[in-house]
There are 2 protein chains.
Amino acid sequence: MQLFLSKFRNKIDQKGRVSIPSQFRSILFQDGSQKMFCYPSLDAEAIDAGGDSLSREIYALMDNLDPYSDEKDFLSTALFGLSEELRIDSDGRVILSEPLIQHAQISHEVIFVGLGQKFQIWEPDRFSNYLQEAQKRVKEQRLLLSKKNKGL
Amino acid sequence: MQLFLSKFRNKIDQKGRVSIPSQFRSILFQDGSQKMFCYPSLDAEAIDAGGDSLSREIYALMDNLDPYSDEKDFLSTALFGLSEELRIDSDGRVILSEPLIQHAQISHEVIFVGLGQKFQIWEPDRFSNYLQEAQKRVKEQRLLLSKKNKGL
DNA sequence: AAAAATACCATGTTATCCCATAGATACCCA
DNA sequence: TGGGTATCTATGGGATAACATGGTATTTTT
């Protein structure tokens, strides 16, 4: 299976269009769909996105819940209600919706970050902050790990 | 199968007409019907709505109940008695009935929220309250989910 | 006849399609 | 190997189509 890797910085034009990095686009197109599935990330000021496999994963998650429970009602509102399938135009671009832009505080430029099964879309400054924080955490963790695993 | 996703905010005009978001409309039209099946949501101040598959699902649900039970009587009153099939006009609009409007406390604007198999129609302020609650609950539940679903 | 429902038309905004360009990369062949 | 050409990609712009929304006319109901 193809993974979303690396990161790419692209511009948003006056009409609100962004090119999806061609590497990512070709993965999205593999299942024949012209859609990019996305939703506000649960724990970051970013947009989570992916293709059919990601959306199927989420649909499957919903199917496992008791149909008439509160839990299902809340989850389907938060997941289905906030998810979108953005159409990818003939030039490989999408238009991010207002709620998504708000959530990720995006203005005129974004960074696509591959995360394997999915990818994220960030406002560039926010991403570099996040990345710094993440790297700091990794170093801290590594100190702990290195006591047990000398190989790292 | 096509799912109802995302949310849309539309206006109600002086005649009481609302446009059904085109994404939703095209799903409703898939079975060829020009109708929107709907009823007051059982546990929210909102309108539940969908197409043929939703009404069939509810019929099936009723069939599974003991024919002479109180439970069946209550449910059929609560659901069928209050259900409506609203005609969709040539421009893709419906007129919400007075009882539905009352139940959801709707005035001049509504939010359509996709929930997968069905969607809901909310008064905007009420919805944002409900959404906050839903997001809170999802975050609380999230530890449980994350053990089974790494992708999210 | 009055009121409500329906069909029909008009408009502004937004999305979508199509084409153009510039920079980068890959390709080819002498 | 070097130089040129084709290809791909991101990005911009204009033309077109779709959509939400408002209004008017016509029909149906009561």
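Reckoned from all heavy atoms, side chains included, excluding hydrogens, waters and symmetry mates. Here is how names work: the chains are called A, B, and so on, in the same order as the sequence lines, proteins then strands, and each is numbered from 1. Just so we're clear, the structure is a prediction, and the values are computed from it rather than from any experiment.
- Between E45(A) and R126(A), at least one side-chain nitrogen of the basic residue sits less than 4.0 Å from a carboxylate oxygen of the acidic one, meeting the salt-bridge criterion.
- Rounded to whole Å, the distance from CD1 on I88(B) to C1' on dT6(C) is 14 Å.
- Under 4.0 Å is where a charged nitrogen must lie from a carboxylate oxygen, and between E140(B) and K136(B) no such pair does.
- Atom-to-atom, CG of D89(B) to C1' of dG22(D) comes out at 13 Å; the value is rounded to the nearest Å.
- Ring orientation note: the planes of F8(A) and F24(A) are nearly perpendicular, at an angle over 60° on the 30°/60° scale.
- No more than 12 heavy atoms of other residues, nucleotides or ligands sit less than 6.0 Å from atom NZ of K7(A).
- Minimum atom distance to the side chain of R93(A) is reached by dG13(D), of the listed dG23(D), dC17(C), dG13(D).
- Looking at every heavy atom in both residues, L28(B) comes nearest to G50(B) through CD2-C, 3.5 Å.
- Each end of the helix from dA1(C)-dT30(D) to dA30(C)-dT1(D) gets its own axis from five base pairs, and the two axes differ in direction by 40°, given to 10 degrees.
- Remark: C1' of dA15(C) and CE of M36(A) are 16 Å apart, rounded to the nearest angstrom.
- A heavy-atom distance below 4.0 Å to DNA chain C is reached by these residues of residues 9-28 of chain B, ordered by number: K15(B), R17(B).
- When the shell of 6.0 Å around CZ of F29(A) is examined, it contains more than 12 heavy atoms from other residues, nucleotides or ligands.
- Protein atom NE2 of H108(B) is 11 Å distant from nucleotide atom P of dG22(D), rounded to whole Å.
- Here the C1' atom of nucleotide dA15(C) and the CG atom of L96(A) are 14 Å apart, to the nearest Å.
- When the side-chain nitrogen and oxygen atoms of R87(A) are compared with OP1 and OP2 of dA15(C), none of them lie within a distance under 4.0 Å.
- If you take CZ of F8(B) and P of dA20(D), they are 8 Å apart, rounded to a whole angstrom.
- More than 12 heavy atoms of other shown residues, nucleotides or ligands fall within 6.0 angstrom of atom CD in E133(A).
- If you take CD1 of I95(A) and P of dG12(D), they are 14 Å apart, rounded to a whole angstrom.
- A salt bridge links R93(A) with D91(A): the closest approach of a Lys/Arg side-chain nitrogen to an acidic carboxylate oxygen falls below 4.0 angstrom.
- With hydrogens and angles ignored, a donor-acceptor pair under 3.5 angstrom links the side chain of D91(A) to the base of dC19(C).
- The heavy-atom pair separating F4(B) from Q117(B) by the smallest distance is CE1-O, 3.5 Å.
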